[in-house]
Protein chains: 2
Amino acid sequence: MNTLVTVDLQRASRLLKLLGDPTRLTMMKLLKSHECCVCEFVAIFKMSQPAISQHLRKLRDIELVKEERRGQWVFFSINENHEDYPFIQSILEHLPEQNESIAELEAQGLRICCE
Amino acid sequence: MNTLVTVDLQRASRLLKLLGDPTRLTMMKLLKSHECCVCEFVAIFKMSQPAISQHLRKLRDIELVKEERRGQWVFFSINENHEDYPFIQSILEHLPEQNESIAELEAQGLRICCE
DNA sequence: CAAGCATATAATGATATGCTTATATACGCA
DNA sequence: TGCGTATATAAGCATATCATTATATGCTTG
């Protein structure tokens, strides 16, 4: 028998639809292990800043991510308290780590660190 | 450490995008435990036959489902040999069983059985 | 306060999606 | 062979999605 908590089908499809975009899916995988700010994503995805901002807004609207302003920057992180977090997590764990993107950022001196 | 086989991000997002539609997601969950033919889906989803047919084609195009003609009917079933089946399975197991739909079909005498 | 960087929002346009209706194809049976 | 049922395909349309550019807002610092 299985004691998994299940996710309502409507809600599940809404989540999967949002994750069904390569940019957002990669964002989520990255955020699983690193906090990132908007400008880091712009550098990683080589995409316009508004495009990044809009993707992040969608993720935030359904509370998959949290945002926090620190001075000039806005940092995003995974919301581990999301009602469906176990579901999300089980998806993300099937995806390859995205450490190269972060490493590349650091190599280019583009990684933002505010203590 | 984790020994999970990972799914390439592009491919994963393509899969999630297809599953990010409530009709197709429900279809997959149903197919996980029951073979179904097209006309059964039409009855379950109360949607036009071409609409159903088009959803099934999308699922079949990326080989998530197999089809098999039996006389007049075309039956669909889950493709357990799909390269990313473990990934798919881990998603489906978070979804509630859809047994009522099937029970309802049977109650209405609409369940197709061809031994 | 003005300038500069980071981010958000608005408006717009190209393309994708998901349905509909109309029609074609396939099978079973009288 | 011809009709009825099941399914597939095509064409058309409304809406959604995802990018872009232009502009607004917010913070930091001289």
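These numbers come from the heavy atoms of this one structure, side chains and all, not from hydrogens, waters or symmetry mates. The sequence lines fix the lettering, A, B, ..., with proteins before strands; numbering per chain opens at 1.
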OP1 or OP2 of C/dT17 under 4.0 Å from side-chain N/O of B/Lys58: no
Using side-chain heavy atoms (C-beta onward) and a distance below 4.5 Å, is B/Glu97 in contact with B/Lys32? no
Using the side-chain heavy atoms of A/Gln72, tell me which of these nucleotides is nearest: D/dG26, D/dA8, D/dT17. D/dG26
Would you indicate whether the side-chain heavy atoms of A/Phe41 and A/Leu31 approach each other to under 4.5 Å? yes
Can you see which heavy atom on B/Glu35 is nearest to which on B/Glu40, and at what distance? O-OE1, 4.1 Å
Rounding to a whole Å, what distance do you find between B/Leu19:CG and C/dG18:P? 12 Å
So if I take every side-chain heavy atom of B/Glu67 and compare against C/dT7, D/dA8, D/dA11, which nucleotide ends up nearest? D/dA8
Do other residues, nucleotides or ligands put more than 12 heavy atoms under 6.0 Å from the CD atom of B/Glu106? yes
Using whole Å, what does the distance between atom C1' of nucleotide D/dC18 and atom CZ of A/Phe45 come to? 14 Å
Can you check whether A/Ser48 has a side-chain N or O nearer than 4.0 Å to OP1 or OP2 of D/dT20? yes
Counting only side-chain heavy atoms from C-beta out, which of D/dT9, C/dT7, D/dT21 sits nearest to A/Val74? C/dT7
Rounded to the nearest angstrom, tell me the gap between atom CH2 in A/Trp73 and atom P in C/dG4. 17 Å
C/dT20 base / B/Gln54 side chain donor-acceptor hit below 3.5 Å: yes
OP1 or OP2 of D/dT17 sitting under 4.0 Å from any side-chain N/O of B/Lys17? no
Is the phosphate of D/dC18, meaning OP1 or OP2, less than 4.0 Å from a side-chain N or O of A/Arg24? yes
Identify which nucleotide among C/dC19, C/dT7, D/dA10 has an atom closest to any side-chain atom of B/His55, counting heavy atoms from C-beta outward. C/dC19
note: B/Met27, atom CE; C/dG18, atom P; distance rounded to Å ~ 12 Å
Hey, which of these two, B/Gln49 or A/Gly20, hits DNA chain D nearer its 5' end, going by closest nucleotide? B/Gln49
Expressed in angstrom and rounded to an integer, what is the separation of B/Ile52 atom CD1 from C/dG18 atom P? 13 Å
Nucleotide nearest A/Arg57 when distance is taken to its side chain, options C/dT9, C/dA16, C/dG18: C/dT9
